[in-house]
Amino acid sequence: MNPEKGSVDVAVSAYGKPYQTAVTLLTLMKHSGQWIDKIYFVEEKKQPEIVSYKFLYKIFTGRIIRYKPLFWFAYDRIGTKLRRIGVYRRAIRYQYAWEKTNKKYLLLIHNDMYFKDDLVGQYLMNIGDHTGIGKVGQCWNCPAHSAGRCSGENYLQYRPDYNEIMEMSAQYPGPRSPVYEAYIDRNTPWPLPECRLNEYVSMINIKKARPATAPFGKATPIGSNNAIDTGVEWFRDVSRMGHTFRHFDYEPYATHSWVSLRNSGHEALFNSELYKYEESVALQCLMDEFNYKP
């Protein structure tokens with residue numbers, strides 16, 4: 001496959017971390033800018049600190065489409081009735097871009113990424129006929145992975161019944177095993193509870209996924225949370241419709257939560273000192289690598 005230039009739009013939700021957000025977008029465009037058209041930049045209604053993204057808007061003038069939702073849901077679950085109302089639904093992470101993009105592909109990213117190489121080009125060359133590409137599965141939490149029975153590469157083939165899942169969960173308990181019993185459908189337990197396309201750096205064939213997903217289809221929006229994590233319910237819904245996903249290890253091309261290297265930037269949002277430290281590292285990166293002058 002020969003990737004088409006400008007065939008990808010980007011969806012990023014900014015909750016704090018303006019300097020890390022700038023590093024995310026600047027390193028992304030440095031390596032993969034040829035594939036990208038628009039950046040849908042969602043500035044969340046609520047912020048963890050007093051922040052300003054004005055400098056970033058200037059850097060990406062003409063490329064960014066700004067959107068500020070009227071509501072802040074954090075990790076709350078949004079019910080079916082509320083999802084029918086546009087202003088509520090579009091406050092769900094990624095949803096505004098999901099509904100507005102006119103490109104074939106939508107790249108979903110968190111605002112604490114550092115891109116080292118052309119990941120978007122790799123995604124375009126490897127997505128094939130799949131609905132999405134990226135790392136499949138939160139395998140580090142999954143009893144089936146601990147038991148050596150499943151991985152992101154073979155999630156389509158491994159389909160245990162409910163009893164087998166619960167037995168593995170008891171033998172190899174993970175941090176979220178206590179909620180599995182309430183979450184898993186006994187009659188249709190696949191995909192496994194920790195299965196998802198890890199949305200913090202993944203690409204969606206929006207032409208295939210959008211018709212299946214609310215408000216156009218029955219699947220839960222990808223940015224919705226449930227008892228497990230963001231995107232798990234969407235992955236379950238569309239997988240049961242027959243959609244498939246290509247597992248691709250992004251780590252040679254990008255680093256998530258690159259300042260702390262904890263694979264999650266969540267902790268800093270609740271720790272002011274850690275937040276300030278991470279932002280200071282990102283600011284130094286901007287000055288050193290992109291000649292930014294605050």
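All values below were derived from every heavy atom in this structure, side-chain atoms included, with hydrogens, water molecules and symmetry-related copies excluded. We number each residue from 1, following the sequence as shown.
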Ring centres under 6.0 Å, that's the criterion: do [X] and [Y] meet it?
X	Y	result
Tyr67	Trp98	no
Phe245	Phe235	yes
Tyr250	Tyr123	no
Phe115	His31	no

Legend entry - Linked, directly or transitively: Trp234 and Trp190 (ILVMFWY side chains, under 4.5 Å):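 Per the 4.5 Å side-chain linkage, Trp234 and Trp190 are co-clustered.
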Legend entry - Residue pair Glu194, Tyr180: steps toward the side chain to side chain donor-acceptor pair (under 3.5 Å) verdict: CA-CA 9 Å; Glu194 300 291 351; Tyr180 288 173; 2.7 Å; yes
Inset, instruction - Could you tell me whether the side chain of His247 reaches within less than 4.5 Å of the side chain of Lys135, counting heavy atoms only? - result: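 Yes, close enough: below the 4.5 Å cut-off.
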Legend entry - OG1 on Thr24 to NE2 on His256, rounded to 0.5 Å: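 Output value for this atom pair is 8.5 Å.
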Inset, instruction - Would you check if the side chain of Asn225 reaches a backbone N or O of Thr230 as a donor-acceptor pair within less than 3.5 Å? - result: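 At least one qualifying donor-acceptor pair exists.
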Inset, instruction - Fit a plane to each ring of Tyr292 and Phe55, take the angle between them on a 0 to 90° scale, and name the class: parallel (under 30°), tilted (30 to 60°) or perpendicular (over 60°). - result: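 The rings of Tyr292 and Phe55 sit tilted, inter-plane angle from 30° to 60°.
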Inset, instruction - Please determine which of Ile204, Ile92, Thr213 meets the side chain to side chain contact (heavy atoms under 4.5 Å, CB included) test together with Ile222. - result: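 The option that passes is Ile204.
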Legend entry - side-chain contact (heavy atoms from CB on, under 4.5 Å) against Arg149, all qualifying residues, sequence neighbours excluded: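 If we apply the side-chain contact (heavy atoms from CB on, under 4.5 Å) test to Arg149, skipping adjacent residues, the hits are Ala147, Tyr158, Glu164, Met168.
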Legend entry - Verdict with supporting geometry, Ser32 and Asp118, side chain to side chain donor-acceptor pair (under 3.5 Å): CA-CA 5 Å; Ser32 299; Asp118 182 14; 2.6 Å; yes
Legend entry - Glu199 vs Tyr94, side chain to side chain donor-acceptor pair (under 3.5 Å): CA-CA, chis, key distance, verdict: CA-CA 10 Å; Glu199 36 73 47; Tyr94 311 123; 2.4 Å; yes
